Undergrad: 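Below is the structure I would like to discuss, written out as structure tokens.
As the structure is a computational prediction, the values presented were derived from the model and not from experiment. Both ligands and their constituent atoms are indexed starting at 1 by order of listing.
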Amino acid sequence: MNTPLFEREAPVLFEERVDSTNLYLRRIADTAADGAAVIAKTQSAGRGRLGRGFLSPEGGLYLSVLLRPEAEPERLLTLTPLAAAAVCRAVETVCGVRCGIKWPNDVLLGGKKICGILVESVLGGVKPCVIVGIGINANTPSFPEELSQIASSIAAQTGREVGLHALAAALLREFDALYDRWLSDGGRSVLAEYRARCLNVGREVLVGDRRGLALSVGDDYSLLVRFPDGKEEALRFGEVSVRGLY
Ligand code: BTN
């Protein structure tokens with residue numbers, strides 16, 4: 001179903017409740033159009049990175065997009081920063097506040113995580129595809145104690161309710177535009193924006209149990225970290241996560 005707010009070639013499906021929008025698209029992957037998106041009001045089994053769950057009560061925006069790019073796995077990794085940049089742009093347009101990115105893929109507002117991104121490759125089916133899942137804590141009413149230190153909602157940070165429809169429409173618009181460019185430039189055009197938004201650079205990070213200083217973001221979106229022994233390591237996207245900032 002396409003509504004005037006969602007003017008795009010590929011379809012946008014709306015669901016009240018799903019297990020996970022990523023799983024939903026995975027189930028229809030063989031027949032779904034390139035670019036098909038699904039938006040759900042709530043998820044019963046939201047999936048996060050590194051096998052974690054993603055809290056998905058009503059009030060949040062849970063959206064996934066299915067893509068069929070012909071690209072090396074290495075290049076697919078750059079869809080994550082692309083999605084993060086699209087979220088930042090959409091939140092800025094709709095809510096008027098600037099967001100930053102915690103490497104590799106959390107979007108932060110007021111020092112708290114307001115969005116998580118999970119990009120998954122589906123290789124087993126008839127047609128391989130990539131599913132980009134984005135969860136935004138837009139008006140999420142509350143967080144369990146253990147999450148409230150690190151996570152928040154846009155509404156809590158700004159003091160204003162977010163229009164979910166407007167946010168979803170802006171997000172798909174920004175995502176589609178950045179993805180169009182990605183198809184021709186392989187993600188290079190997002191690099192400058194990602195660097196400008198990356199909050200880790202110049203700050204201490206915790207990599208496993210090692211402390212280091214984040215120096216810069218490389219051309220492949222790796223995070224260059226200097227450790228106390230003077231050694232420098234480029235942490236590769238998708239392989240490690242870093243702590244710090246919260
Ligand atoms: C993370 O922060 O660990 C990533 C969270 C990704 C959550 C989104 S919500 C929409 C999509 N469906 C899922 O099950 N996960 C992603």
Undergrad: Just to be sure I read this right, does ligand 1 sit under 4.0 Å from the backbone of Leu23, its side chain, both, or neither, counting only heavy atoms?
TA: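 It is neither; nothing of Leu23 touches ligand 1.
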Undergrad: What residue and atom, counting heavy atoms only, is the protein's closest point to atom 10 (C) of ligand 1, and at what distance?
TA: Thr21 OG1, 3.1 Å
Undergrad: Nearest protein heavy atom to atom 5 (C) of ligand 1, by residue and atom, and its distance?
TA: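 Looking at atom 5 (C) of ligand 1, the protein heavy atom closest to it is Phe54 CD1, 3.4 Å.
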Undergrad: Look at atom CZ of Arg75 and say whether more than 12 heavy atoms of other residues, nucleotides or ligands are closer to it than 6.0 Å.
TA: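 Yes, enclosed.
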Undergrad: Run the numbers for me: atoms of ligand 1, each under 4.0 Å from some heavy atom of Gly48, listed by number.
TA: 1 (C), 3 (O), 4 (C), 5 (C)
Undergrad: Are Leu172 and Leu178 connected in a single hydrophobic cluster, I mean Ile/Leu/Val/Met/Phe/Trp/Tyr linked by side-chain heavy atoms less than 4.5 Å apart?
TA: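 Yes.
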Undergrad: Evaluate Asp220 against Ser222 for side-chain hydrogen bond (donor to acceptor under 3.5 Å, both in side chains), listing each step before the verdict.
TA: CA-CA 5 Å; Asp220 57 355; Ser222 57; 2.7 Å; yes
Undergrad: Hey, does Gln43 sit under 4.0 Å from ligand 1 if you only count heavy atoms?
TA: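 True for this residue.
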Undergrad: Okay, side chain of Gln43, backbone of Thr21: is any donor-acceptor separation there less than 3.5 Å?
TA: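 Checked: pair present.
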Undergrad: Is it the side chain, the backbone, both or neither of Ile134 that has a heavy atom closer than 4.0 Å to ligand 1?
TA: backbone
Undergrad: Answer with side chain, backbone, both or neither: which part of Ser56 has a heavy atom less than 4.0 angstrom from an atom of ligand 1?
TA: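 Neither; no heavy atom under 4.0 Å.
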Undergrad: Could you tell me the residue and atom name of the protein heavy atom closest to atom 6 (C) of ligand 1, and the distance to it rounded to 0.1 Å?
TA: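 That would be Arg47 O, 3.4 Å.
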Undergrad: Test your reading of the structure: does Ser20 have an N or O sitting under 3.5 Å from an N or O of ligand 1?
TA: yes
Undergrad: How long is the gap from CG on Leu76 to CG on Leu67, to the nearest 0.5 Å?
TA: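 Rounded to the nearest 0.5 Å, the CG-CG separation comes to 9.5 Å.
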Undergrad: Between Ser121 and Leu123 (side chain of the first, backbone of the second, donor and acceptor by atom type, cut-off under 3.5 Å), is there such a pair?
TA: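 Not a single qualifying donor-acceptor pair exists.
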Undergrad: Is a side-chain N or O of Asn137 found less than 3.5 angstrom from the main chain of Ser152, in a donor-acceptor match?
TA: yes
Undergrad: Show me which atoms of ligand 1 lie under 4.0 Å from any heavy atom of Gly46.
TA: 14 (O)
Undergrad: With a 4.0 Å cut-off, would you call Lys112 and Asp106 a salt bridge?
TA: no
Undergrad: So how far is it from Leu108 CG to Ile150 CD1, rounded to the nearest 0.5 Å?
TA: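 Result: 9.5 Å between the selected atoms.
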Undergrad: List the closest protein heavy-atom neighbour of atom 3 (O) of ligand 1: residue, atom name, distance to the nearest 0.1 Å.
TA: Arg49 N, 2.7 Å
Undergrad: Of all the atoms in ligand 1, which lie at a distance below 4.0 Å from a heavy atom belonging to Lys113?
TA: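 Every atom of ligand 1 under 4.0 Å from some heavy atom of Lys113: 1 (C), 2 (O).
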Undergrad: Considering non-hydrogen atoms of the protein only, which is the closest contact for atom 8 (C) of ligand 1, and what is the distance?
TA: Gly135 N, 3.5 Å
